[in-house]
Amino acid sequence: MRLEDPRGIWVKVDGVTRVEDVAAACDAGVSAIGMIFAISPRRLTLGQASRIREALPDGVSAFGVFDATSPGAVLRAVSSLSLDGVQVPAELQLERPGYPELPAGVVVLRTVRVRGPQDLQGLESLDCHAVHLDAYVEGLLGGTGHTAPWEDIEAVRPAVPWVLSGGLTADNVAEGISRLGPDGVDVSSGVESSPGVKDAEKLSAFVSAARAGA
């Protein structure tokens with residue numbers, strides 16, 4: 001499986017909490033939206049997420065973003081919302097005795113929060129379709145606005161499909177893409193006016209810059 005979009009580089013926007021922001025994201029040209037079920041100011045209930053999911057048009061993928069607490073929560077959300085993909089921490093075991101497997105076709109992104117080169121070792125052994133590289137911030141799972149350590153990522157050059165996240169904005173995403181060569185990019189706080197409230201102009205500028213930098 002490859003992260004592809006005929007319009008250019010694959011772009012996911014995370015932390016969508018409002019139906020009106022779905023339209024803005026789709027108008028901007030995103031490839032996927034992420035609904036957060038982990039501890040976050042952007043966290044949704046299944047009921048709130050169902051309204052976001054219903055507003056998504058064909059051609060834009062729906063992802064759930066989870067913490068490491070339970071594979072059961074992942075499976076319930078996938079089933080309830082017909083998710084196209086999930087983003088989970090590298091350490092979460094999705095396959096455990098007593099739990100059914102994810103439905104065929106569900107894309108799995110594994111998040112690695114990068115502190116240094118040591119965190120970029122063994123990425124090819126992770127059970128996923130693509131690795132999601134984010135900044136490491138103690139006690140926080142994402143959406144921090146902190147930039148991942150590009151120098152370390154550039155030095156290691158992941159040999160698996162991967163997505164760049166962490167502190168991306170319209171001002172730096174083109175440089176990140178041209179310098180590091182990810183298969184996709186992921187943004188949350190960089191296109192917001194406040195946590196969970198997306199800004200249509202920032203969304204449009206981000207996607208345009210990402211596609212120009214690919």
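On a predicted model such as this, the values are computed, not experimentally measured, just so you know.
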Student: Between Leu126 and Val112, is any pair of side-chain heavy atoms under 4.5 Å apart?
Tutor: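 Leu126 vs Val112: side chains touch.
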
Student: For Glu201, does the CD atom sit with more than 12 other heavy atoms under 6.0 Å from it, leaving out its own atoms?
Tutor: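 Not more than 12 within 6.0 Å, no.
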
Student: When you measure from the side chain of Arg43 to the backbone N and O of Ile36, does any donor-acceptor pair fall under 3.5 Å?
Tutor: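 Not confirmed, Arg43 side chain does not pair with Ile36 backbone.
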
Student: Kindly compute the distance separating OG (Ser61) from CG (Leu3), expressed to the nearest 0.5 Å.
Tutor: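 Output value for this atom pair is 9.5 Å.
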
Student: Let me know which of Val11, Ile9, Val191 forms a side chain to side chain contact (heavy atoms under 4.5 Å, CB included) with Val207.
Tutor: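 Among Val11, Ile9, Val191, the one meeting side chain to side chain contact (heavy atoms under 4.5 Å, CB included) with Val207 is Val11.
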
Student: Mind telling me whether Phe63 and Trp10 have parallel, tilted or perpendicular rings, with 30° and 60° as the class edges?
Tutor: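 Ring orientation of Trp10 relative to Phe63: perpendicular.
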
Student: With side chains defined as the heavy atoms from C-beta onward, is the minimum distance between Pro195 and Arg42 less than 4.5 Å?
Tutor: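 Contact flag for Pro195/Arg42 side chains = yes.
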
Student: I'd like to check Leu102 versus Val108 (side-chain heavy atoms, cut-off strictly below 4.5 Å). Are they in contact?
Tutor: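 The answer is yes, as the side chains (C-beta and beyond) meet within the 4.5 Å cut-off.
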
Student: CZ of Arg179 to CH2 of Trp150: how many Å apart, nearest 0.5 Å?
Tutor: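 That separation rounds to 6.5 Å.
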
Student: Answer whether the closest heavy-atom distance between the side chains of His132 and Trp162 falls below 4.5 Å.
Tutor: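 Side-chain contact under 4.5 Å: no.
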
Student: Taking the side chain as every heavy atom from C-beta outward, state whether Pro103 and Val78 have any atom pair closer than 4.5 Å.
Tutor: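 Pro103 reaches Val78 side chain to side chain.
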
Student: Yes or no on side chain to side chain contact (heavy atoms under 4.5 Å, CB included) for Ile33 and Leu56, after CA distance, side-chain angles and deciding distance?
Tutor: CA-CA 9 Å; Ile33 68 103; Leu56 270 179; 3.5 Å; yes

Student: With sequence neighbours excluded, what pairs up with Asp84 under the salt bridge (Lys or Arg N to Asp or Glu O under 4.0 Å) test?
Tutor: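 For Asp84, the residues satisfying salt bridge (Lys or Arg N to Asp or Glu O under 4.0 Å) (neighbours in sequence not counted) are Arg53.
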
Student: I want to check something: taking the side chain as every heavy atom from C-beta on, are Val65 and Met35 in contact at a cut-off of under 4.5 Å?
Tutor: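 SC-SC contact between Val65 and Met35 ruled out.
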
Student: Side chains of Asp14 and Ser188: any donor to acceptor distance under 3.5 Å?
Tutor: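 There is no such pair (donor and acceptor under 3.5 Å, judged by atom type) between the side chains of Ser188 and Asp14.
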
Student: So, are Glu192 and Lys202 salt-bridged, with charged N and O less than 4.0 Å apart?
Tutor: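 No, this pair does not count.
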
Student: Looking only at atom types and distance, does a side-chain atom of Ser204 sit under 3.5 Å from a main-chain N or O of Ala200, one as donor and one as acceptor?
Tutor: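 No, Ser204 side chain to Ala200 backbone: no donor-acceptor pair under 3.5 Å.
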
Student: What is the distance from atom CG of Asp134 to atom CG of Leu164, rounded to the nearest 0.5 Å?
Tutor: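 One gets 9.0 Å once the value is rounded to the nearest 0.5 Å.
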
Student: Between Arg110 and Glu91, does any side-chain N to carboxylate O distance fall below 4.0 Å?
Tutor: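 Salt bridge flag = no for Glu91 with Arg110.
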
Student: Give me the atom names and distance for the closest heavy-atom approach of Pro182 to Gly176.
Tutor: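 Smallest heavy-atom distance, with atoms named: CD-O, 3.9 Å.
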
Student: Show the nearest heavy-atom pair for residues Gly116 and Asp152, with the distance to one decimal.
Tutor: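 For Gly116 and Asp152, the tightest heavy-atom pair comes out as CA-OD2, 3.4 Å.
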
Student: Quick check: does any side chain N or O of Asp119 sit under 3.5 Å from a backbone N or O of Arg115, one acting as donor and the other as acceptor?
Tutor: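 Confirmed, Asp119 side chain pairs with Arg115 backbone.
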
Student: How many angstroms lie between atom OG of Ser165 and atom CD of Gln87, to the nearest 0.5 angstrom?
Tutor: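 The CD atom of Gln87 is 7.0 Å from OG of Ser165, to the nearest 0.5 Å.
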
Student: Mind checking the OG1-CD1 spacing from Thr17 to Ile52? Nearest 0.5 Å is all I need.
Tutor: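 If I round to the nearest 0.5 Å, the distance is 6.5 Å.
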
Student: Test your reading of the model: is there a side-chain donor-acceptor pair from Ser125 to the backbone of Gly122, 3.5 Å cut-off?
Tutor: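 Yes, Ser125 side chain to Gly122 backbone: donor-acceptor pair under 3.5 Å.
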
Student: Carefully, step by step, assess Val114 and Leu120 under the rule side chain to side chain contact (heavy atoms under 4.5 Å, CB included).
Tutor: CA-CA 7 Å; Val114 183; Leu120 296 165; 3.9 Å; yes

Student: Please confirm whether the backbone N or O of Gly47 pairs with a side-chain atom of Ser50, one donor and one acceptor, at under 3.5 Å?
Tutor: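 Yes.
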
Student: Evaluate the side chain to side chain contact (heavy atoms under 4.5 Å, CB included) criterion for residues Leu83 and Val106: first the C-alpha distance (whole Å), next the side-chain angles of each, then the deciding distance (0.1 Å), finally the verdict.
Tutor: CA-CA 7 Å; Leu83 295 178; Val106 174; 5.6 Å; no

Student: For Val30, is there any backbone N or O sitting under 3.5 Å from a side-chain donor or acceptor partner on Arg7?
Tutor: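 Yes, Arg7 side chain to Val30 backbone: donor-acceptor pair under 3.5 Å.
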
Student: Mind checking whether Val197 and Leu44 sit in one hydrophobic cluster, side chains of I, L, V, M, F, W, Y counted as touching below 4.5 Å?
Tutor: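 They do not share one cluster, since no chain of ILVMFWY contacts under 4.5 Å joins Val197 to Leu44.
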
Student: Val187 versus Val173: any side-chain heavy-atom pair under 4.5 Å?
Tutor: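 A side-chain contact is absent here, since even the closest heavy-atom pair is not under 4.5 Å.
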
Student: If you apply the rule side chain to side chain contact (heavy atoms under 4.5 Å, CB included), what do you find for Lys198 with Val16, and how did you get there?
Tutor: CA-CA 7 Å; Lys198 304 306 181 192; Val16 175; 4.3 Å; yes

Student: Under 4.5 Å between any side-chain heavy atoms of Asp171 and Phe206, yes or no?
Tutor: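 No, side chains not in contact.
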
Student: When you measure from the side chain of Thr45 to the backbone of Gln48, do you find a donor-acceptor pair of N or O atoms at a distance under 3.5 Å?
Tutor: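 Such a contact is found between Thr45 side chain and Gln48 backbone.
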
Student: Indicate yes or no: does Asp186 engage Lys12 in a salt bridge with an N to O separation below 4.0 Å.
Tutor: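 Yes.
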
Student: Starting at CG of Leu180, measure out to CZ of Arg157 and round the result to the nearest 0.5 Å.
Tutor: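 Leu180 CG to Arg157 CZ: 6.0 Å, rounded to 0.5 Å.
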
